[in-house]
Structure formats: C-alpha cells, structure tokens
There are 2 protein chains.
Amino acid sequence: MTDAIEKTPHHHGNLRAALIESGVSILIEDGLSKLTLRRCAARAGVSHAAPAHHFNGVAGLRAAISEEGFRIFRNYMLDARNNAGSNAHERLKAICRGYIYFAIDNPALFELAFSIKVIGDLQTKPETDTVAVGYDVLRETCAPFVPENGDPFIVESQVWSLIHGYATLQLTGRFGGTTPEHPCGPGFDQVISLLDHLPVLRGT
Amino acid sequence: MTDAIEKTPHHHGNLRAALIESGVSILIEDGLSKLTLRRCAARAGVSHAAPAHHFNGVAGLRAAISEEGFRIFRNYMLDARNNAGSNAHERLKAICRGYIYFAIDNPALFELAFSIKVIGDLQTKPETDTVAVGYDVLRETCAPFVPENGDPFIVESQVWSLIHGYATLQLTGRFGGTTPEHPCGPGFDQVISLLDHLPVLRGT
DNA sequence: CATTTTAAATTGACAGTGTCAACTTTACAG
DNA sequence: CTGTAAAGTTGACACTGTCAATTTAAAATG
C-alpha cells in the first residue's frame, strides 16, 4: 500500500488510532448502539480480541472515541466564534451555535461524549481535559460577563446548562426538527435570548 | 372485563405490570446497563421469552418503564411546587428543584426516560403525553411569565433547557457532588437565578 | 358439562456481544 | 543470532435479544 510513506512500527502499524477511527465511522453510519468492540475490530481488519491490547474493555474504547469527539466538538465552537464579530454577546451566541451544530451533525458522538460519567470535579479542576475538552472555549467566551475578582463558574454554568439542555432536548426530538431557515431548530433564538440579560462587566 | 380486579385473570395475573415493576427495581439497584429483558423476566419469575408477549422487544420494555418514570417525575415536581409559596418565581424554582431531586434520586430512570427519542413534535402537539408526561406542570408554572396572547413555548423552552441541562451535567459529574447543604449541587441556585430576569406579566 | 378456541407462557435455538485464557507471530533488544 | 516481550489470534464461556415451535390453561362455544 502506502507503506513507503510511513513505516509500520508494529504488527498493524497503529491499531489504536485505526480502531478509534473505525469507531467514529461506525458511530456516524450506524449509531451508538452498534458501536461494539467486535465491529470496530472487524472494520479495522483485525481479530475480535485485538482491541483488548489497546483499550480497557468496551468502556475504554468508548472513552477514547469520546475524547476524539470532544476535540471535534471544540473545533465546532471555535469555528463558529471565528465567524462572529467582536461583540461579547455575539461571541457567546456563536459558541452556542457551534455547540448545537456539532450535536446535530454528530448526534451519536455527542450522545456518547456526554453519556460518560466524570470522576473528578469540574469546579475544583476546571482545567482538567478529561472533564471536557473545550471548556477553555467556554471560559474565554464567558469572561466578559464575569465580575472583577468574581467566580467565573457562575456564568459558565448558566450558559453551559442552557445550551446543553437545549441540545439534548433538541436531539431527542422534543423541540421540533430543523429546517434550512432554522438549522439549530425553531426555538434556538428564543432560548438563547435568555442570555441577553447578562451584563457585560469587562471590556472587550 | 373488570369483574375481578383482585383475582388472577390470566396465567400470571398481570405480568406486564410485574415486569415494569421489576424493571424499575433493576434500574434502581443495578443501573441502566443491567436492564435487560431476561433479567426482568427472571426477577418476575417467568421464562426469558415471556416478556415478548407484553412488550415490543427491549425497546418496548424500556418505553413502558420510561412512562412509569415520567409519572414519578411529575409527582416530584408537583410535590415541590405544593411546598412552595404562591409567588410565581418561587413556584418556578420549586418545580426546578423537583426536577433535580428526581434526577438525583433516580439517575438511571432519568437517564432512561430522556434517552428515548420522541417521534412527534412538542411545539405542534404539546399536550401529547408520549412526549413528556409532566409537561402540563411546566406549562402551568410558566404561565405567569407568558405575555397576553403570547406563545407559551418560548418561556417553557427557556426554563426546560436550563433545568434539563443542569440536571444532565450534574448527573454526569460535571458540576460537583451534592451535599446536605446543597442537595441539588453547589451551582444550582446560581444557575437557576438566570430565571430571576423573567418578568411576571400575568397576575397570580 | 364437554369441546374448541385462543391467549399466555415455556422451551430451544441462533446470532451477536464482552471478556478471559492460551497460543502464535513478530518486532526489537541484547 | 537469539531471547523476550509485546501484538495479534484462536477458542471458549456467559450473557444478550429474538424468533419458531410447543405446551399450558383460561375462556368461549356448543
């Protein structure tokens, strides 16, 4: 094949990465219920027990795929924010749009990522990536609304709760479908307008 | 038909109800991943294939247990609201507390109930019980904040998104644990304070 | 009351699934 | 060149959902 470009360091080359990639594809094509160790193995062209040498059971595989999902998720928010103006409220709504776009584009990946229980405490260690890669984007974008010497977690948790609740309720079909006019669903602007009340306390 | 409620009308009596009850117990004791047709059957003392005559596969069993969960869920909100004053904001925060109490007391049941995709549209048919038993409680409690001849769905979706997002993020361990001082988690009051901005537009 | 009919439940089978132990292959260190 | 340990395979086991065939028992019918 193209082994001339990169040599194969092991038997397969890099099976761990290949299994994660297979898992993401299965997630997109067949949904969360079809994401199994054996299917990932078959798709990657290895035996059914090969993944055991790279992940700690099916939970480990799901966690690894979830991490990959969070990275994609973070890019969605960054892209949306980059396409917004410099206004603090516009930037905040932009990452919310990115949040919903990711959930709608990758529902199974979103469901997987947020179905995994977190061990640590986010308020204690907000910088921990295992909790949620992409939290830094939320923190940055919420900063203009945090009082001087105030606790940033207050605004962050308000925004996160609102947008995450909308995303999950939208994804489970409780807020109506999406249309070209309303790619985030018909209720998105109305729900997100609750954040208009947040006062800008720190200059751009 | 109803000639003998207490007598056993069929072989088992009322296997369907017994299976649902078994399922709720399994959910509470062992978690969502252990909720299987065969376990419910074994717990109810019947053969592994008996549930097939009462539910449409495992999805049917989960849907039936979910319905039961929504009824309990609704009672949580009603109880909380009954223990609140007549102030519109107090009543709104009360059902939010009931929402979180249910999620924390019955995490697996909460997860199951909101993991099921809804077919219909809630905005089109808000009165449909299959979408969410208990939506009537939300509608009633949000009514004071809805403008005359306004769309009630706006405020309802704002409140629902905020509280549901907080519930799921709390349940997945992203907002820290609960303490006797903060039975809904340390961030609950802060998040819910976002609803203080809602103006009361219709008298009690 | 006896017989037929039909719903309820059982049994057995099959294809998947996760997980473990034992085995084979192969890359790399010495 | 050889030994070793990692990487991957094979086979097995206990689960799972689902289906077909069967038995059981309640209800309907004559």
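Quick note on labels: first sequence line is chain A, next is B, and so on, each numbered from 1.
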Atom pairs and distances, donor-acceptor, side-chain atoms in residues 98-110 of chain B, under 3.5 Å, two or more places apart:
residue	atom	partner	partner atom	Å
B:Tyr99	OH	B:Trp160	NE1	2.8
B:Tyr99	OH	B:His164	ND1	2.8
B:Asp105	OD2	B:Tyr76	OH	2.8

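- Contacts of B:Asp30 classified as side-chain contact (heavy atoms from CB on, under 4.5 Å), with partners at least two apart in sequence or in another chain: B:Ile26, B:Lys34, B:Arg39.
- The distance between atom CD1 of A:Ile26 and atom C1' of C:dG16, rounded to the nearest whole Å, is 14 Å.
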Polar pairs (N or O, both sides) under 3.5 Å between protein and nucleotides 21-25 of chain D?
residue	atom	partner	partner atom	Å
D:dA25	O4'	B:His11	NE2	3.2

Distance-only donor-acceptor hits, side chain of residues 41-56 of chain A, under 3.5 Å, sequence neighbours excluded:
residue	atom	partner	partner atom	Å
A:Arg43	NH1	A:Glu29	OE1	3.1
A:Arg43	NH2	A:Glu29	OE2	3.0

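- Residues from residues 16-24 of chain A with heavy atoms under 4.0 angstrom of DNA chain D: there are none.
- In this structure B:Thr172 satisfies the side chain to side chain donor-acceptor pair (under 3.5 Å) test together with B:Arg174, sequence neighbours excluded.
- For A:Ile154, the side-chain contact (heavy atoms from CB on, under 4.5 Å) partners are A:Asp151, A:Gln158, B:Gln190, not counting sequence neighbours.
- Rounded to whole Å, atom C1' of C:dT19 lies 16 Å from atom CZ of A:Phe55.
- In this view, B:Thr179 and B:Glu181, B:His182 satisfy the side-chain contact (heavy atoms from CB on, under 4.5 Å) rule, not counting sequence neighbours.
- Taking CG from A:Leu194 and OG from B:Ser161, the interatomic distance works out to 9.0 Å, rounded to the nearest 0.5 Å.
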Heavy-atom protein contacts under 4.0 Å, nucleotides 11-18 of chain D, coded B base, S sugar-phosphate only, - none: BB---BBB
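- Residue pairs meeting the salt bridge (charged side-chain N to carboxylate O under 4.0 Å, His left out) criterion with at least one member in residues 71-84 of chain B, sequence neighbours excluded, are B:Glu67-B:Arg71, B:Glu68-B:Arg71, B:Arg74-B:Asp136, B:Arg81-B:Glu140.
- Sorted by first then second residue, the salt bridge (charged side-chain N to carboxylate O under 4.0 Å, His left out) pairs that include residues 84-94 of chain B, not counting sequence neighbours, are B:Lys93-B:Asp196.
- A search for side-chain contact (heavy atoms from CB on, under 4.5 Å) contacts involving B:Ile28 returns B:Val24, not counting sequence neighbours.
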